[in-house]
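Note that the structure is a prediction, hence the values are computed from the model and not measured. Quick note on labels: first sequence line is chain A, next is B, and so on, each numbered from 1.
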2 protein chains.
Amino acid sequence: MADDDRIRCTYWLETGDDPARAAEVIAGEQSSGTFVALANETAELKARSGARVDRLEVLGHAAQPSLPTPAHAPGRTGRYTQCTLSLSWPLANLGPSLPNLLATVAGNLFELRQVTGLRITGLELPEAFARRYPGPAFGIEGTRRLAGVPAFDGQRGGPLIGTIIKPSVGLTPDETAREVRQLVAAGIDFIKDDELQADGPGCPFDERVRAVMREVRAGEERLSRKVMVAFNLTGELGEMKRRHDLVLAEGGSCVMASLNSIGLVGLLELRRHSQLPIHAHRNGWGALTRHPALGWDYAPWQQLWRLAGADHLHVNGLANKFSESDESVIAAARSVLAPLRPSHPMRAMPVFSSGQTGKVAAATYAAVGTADLIFASGGGIFGHPGGLAAGVTALRQAWHAALAGIPIERHAQSHRELHEALAFW
Amino acid sequence: MADDDRIRCTYWLETGDDPARAAEVIAGEQSSGTFVALANETAELKARSGARVDRLEVLGHAAQPSLPTPAHAPGRTGRYTQCTLSLSWPLANLGPSLPNLLATVAGNLFELRQVTGLRITGLELPEAFARRYPGPAFGIEGTRRLAGVPAFDGQRGGPLIGTIIKPSVGLTPDETAREVRQLVAAGIDFIKDDELQADGPGCPFDERVRAVMREVRAGEERLSRKVMVAFNLTGELGEMKRRHDLVLAEGGSCVMASLNSIGLVGLLELRRHSQLPIHAHRNGWGALTRHPALGWDYAPWQQLWRLAGADHLHVNGLANKFSESDESVIAAARSVLAPLRPSHPMRAMPVFSSGQTGKVAAATYAAVGTADLIFASGGGIFGHPGGLAAGVTALRQAWHAALAGIPIERHAQSHRELHEALAFW
């Protein structure tokens, strides 16, 4: 975060116009200027409230605009300049307000005529934001404590080995509970609802929670460890609060919400109410990030949700089934783990998922440098010929090998479940 | 809206894969399937919960993918098929829940490997959504009543002629009130805060409302008509409620919120609390719509916010200063005005802005077929050589000409303010 009272945002910008002029248009549009000169935009007002172009660095040129652009766009010349643009705003324009921050750094910019590409790549906020907002209530340490999974000590511990209830939607509460029973018996650390499963009449939230928690509590009696289940309580505010209270009353240890469905106000209110870690799902994120010349990088975006209180944040996974590159996944995971600022680290736990198997454990560990993460695998567990317990054990063995610096094939020679898993992963 | 109990969503899809296979992958991913075959995805479960491909129509082919796509994407052949895809889901998968609807129709789809372009172009919801959600509390009729602006009767009435306080940010409360005093005296119908102006320490919300409402009330005594001011109360939930209450206590008649900043939960709670029309700002929308192969059309998107309670919805304007085409603006405005369904029209008022002058009045009226709209103009008013009153009058004259079917140049011959305006518009 920035060390003074300015909000700083960095963009990848492409423009057919003169880049300095385009930068001034953006800075003006997002502060005291508009598309005509104003008598009352005095020099004093501009000095007090204007956005400032702090950096403008040309990266290169393209012959075609990255985003479709109308024929009357200014300076349209068949030569589009790509650059890094850093803007800053006085905190006094809006105060440390997350909802209002969006209108300033990510408001009416993307559609400007001068812009043939605009992507938010960095965000540095004044300390006032970290002082005002709560950040994760549980984070890495709280999650490990509630799930009973310590950091790796050479023998045990490591990431939370998790999975997602499948089919995503369609199971009844009892069918869901049966799957949970098997997973608990198999030694899993973490289970989550799919984001498609919330409170449909086919699988009502309350019934599902009661049925699942019976299995979790029964498992706890046997194992002295409570499997963490992230129940998807996404909904209206009253619903989310009531559902949270039920999960808490049933002895649950986690709730899940879809960030793009509830918005910042939803997460802020949930955080205020919650006594459990909040597992934050980013579904819909693809629309904001899939085109490299538009929208957001994850690093700036996830900051907003961590400040607002997300404990776990999805980051996709290496060699995933989606179109995201490993490089982007790694950057996302590192950003979730990086302290926001020394005085307010507000670190959250990255959640790896999507086609994950033990084969990517070593690369994941090498990339993020920690096992403070949730590693969710579906096929990587369910596909094991030895059954679910063997699948969970094999994943854990793969992670232990990675954490101990032992090549996975060598570790497999003395670990049967891992050996069998390597044949199908 | 759909007439049975299925949720229907239509997409523009581009894929390097076989389109039928890609459609099945999307349908599976967004319902009971996943990327591996599951033993418990039984035929019965699939029949109960699976998404259905209702329509798949090939539109054409492209040699390049619209969205960057990894080299290992399936079927990558240098031939990308573009099509219209309609999917439907049983309402029972999620129930009539707006937040959960997003995960289903707009969740983890955009980043699928099979997808080189995906855009939501249509949405039809079962009646259960219209029964559950409130829709706009005031809409067109309530807004006209509060603003004292009737429909055009041949002499007076028409759209609400409005403007936006400029500079967007930087004015003190007193400076803002001075601008409002001049606008009220000039005969304006509607004034709004810029979305950048909320509750910064340089212009605190409470002070601004008190100072502005003094002018509005003074104007009301003189004119027997209260100018509608949309105060931007975007913020956390408690802040928004408190700010709403202040506006109400001061005699105000409108509040404004940025949809992408507060999210669905924020708007739903604001609607529940509000006794005033909600002016819904869409800033940030560009990131969701600027690339034609990604994100959303406005028609499906605005439905969500109308159901949740938006009374006014921004639609940009013809010949605007942004990159949006007139065609897109017209489609957006029509969608805001179209009844959701006969039993629950829930019509909202489209807000035209961005470089608007009287020169686009006739084309706007021709395109949307009504003057049930807010027409916000900045330079088109402030730039008038005869002053603000002449600027507002000229805009109204331009609209009256449009509504009466009189060419603007002819109308200008007998209307001085319009005549003068045509020279600078």
Side-chain angles (χ1 to χ4, degrees), chain A residues 31-32 34-36 38 41 45 48-49 67-70 92-95 97 99-100 102-104 106-108 110-111 113 166-167 169-170 195-196 198-202 234-237 258 260-266 268-269 283-284 286-288 290-292 294-295 321-324 379, chain B residues 31-32 34-36 38 41 45 48-49 67-70 92-95 97 99-100 102-104 106-108 110-111 113 166-167 169-170 195-196 198-202 234-237 258 260-266 268-269 283-284 286-288 290-292 294-295 321-324 379:
Chain A
S31 62
S32 57
T34 184
F35 68 114
V36 291
L38 295 169
E41 195 194 0
L45 185 144
R48 189 170 71 224
S49 304
L67 301 173
T69 299
N93 278 23
L94 56 148
S97 166
N100 289 301
L102 283 176
T104 293
N108 280 344
F110 303 101
E111 55 269 65
R113 257 190 217 173
K166 295 282 173 186
V169 67
E195 73 273 14
L196 298 174
D199 187 35
T234 301
E236 298 188 35
L237 183 56
S258 292
N260 293 308
S261 301
I262 67 172
L264 273 173
V265 166
L268 286 163
E269 291 301 312
N283 65 82
L288 290 168
R290 172 83 192 260
H291 197 290
L294 183 65
K321 64 176 164 167
F322 293 110
S323 55
E324 188 176 3
Chain B
S31 62
S32 57
T34 184
F35 68 114
V36 291
L38 295 169
E41 195 195 359
L45 186 144
R48 189 171 70 222
S49 305
L67 301 173
T69 299
N93 278 22
L94 56 149
S97 166
N100 288 302
L102 282 176
T104 293
N108 280 346
F110 304 101
E111 56 270 65
R113 260 189 216 172
K166 295 282 173 185
V169 66
E195 72 274 13
L196 297 174
D199 187 37
T234 302
E236 297 186 36
L237 183 56
S258 292
N260 293 308
S261 300
I262 67 172
L264 273 173
V265 166
L268 286 163
E269 290 301 312
N283 65 81
L288 290 168
R290 173 80 192 263
H291 197 291
L294 184 64
K321 64 176 164 166
F322 293 110
S323 55
E324 188 175 3

Please report the shortest heavy-atom distance between [X] and [Y], naming the atom on each side.
X: Gly170(B); Y: Ser49(A); result: CA-OG, 3.0 Å
X: Ala198(B); Y: Asn100(A); result: CB-OD1, 3.1 Å
X: Gly295(A); Y: Ala287(B); result: CA-CB, 4.3 Å
X: Ser32(B); Y: Pro167(A); result: O-CB, 3.2 Å

Under a 4.5 Å heavy-atom cut-off, does chain A meet the side chain of [X], its backbone, both or neither?
X: Leu264(B); result: both
X: Glu236(B); result: both
X: Leu67(B); result: both
X: Ala106(B); result: backbone

Quick check: do [X] and [Y] have side-chain heavy atoms less than 4.5 Å from each other?
X: Leu288(B); Y: Leu288(A); result: yes
X: Leu237(B); Y: Leu237(A); result: yes
X: Arg290(A); Y: Thr69(B); result: yes

* **chain B contact via Leu294(A) - which portion, at a heavy-atom distance below 4.5 Å** =>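 Leu294(A) touches chain B through side-chain heavy atoms alone.
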* Residue Asn93(A) versus chain B: region with a heavy atom under 4.5 Å ->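 Both parts, backbone and side chain.
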* Could you pull out all residues at least two apart from Ser258(B) that satisfy side-chain contact (heavy atoms from CB on, under 4.5 Å)? =>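 Per chain and number, Ser258(B) pairs via side-chain contact (heavy atoms from CB on, under 4.5 Å) with Glu195(B), Thr234(B), Ser261(B), His281(B), Asn283(B).
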* Non-neighbouring partners of Pro68(B) that pass side-chain contact (heavy atoms from CB on, under 4.5 Å), sequence neighbours left out ->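 Checked Pro68(B) against side-chain contact (heavy atoms from CB on, under 4.5 Å); matches are His291(A), Pro292(A).
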Counting heavy-atom pairs under 4.5 Å to chain A, which of [options] comes out on top?
options: Thr104(B), Asn260(B), Ile262(B); answer: Ile262(B)
options: Ser31(B), Gly202(B), Gly266(B); answer: Ser31(B)
options: Pro201(B), Gly263(B), Ser97(B); answer: Pro201(B)

* Nearest 0.5 Å please: distance from the CG atom of Asn108(B) over to the CG atom of Leu196(A). =>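 Here the interatomic distance stands at 8.5 Å.
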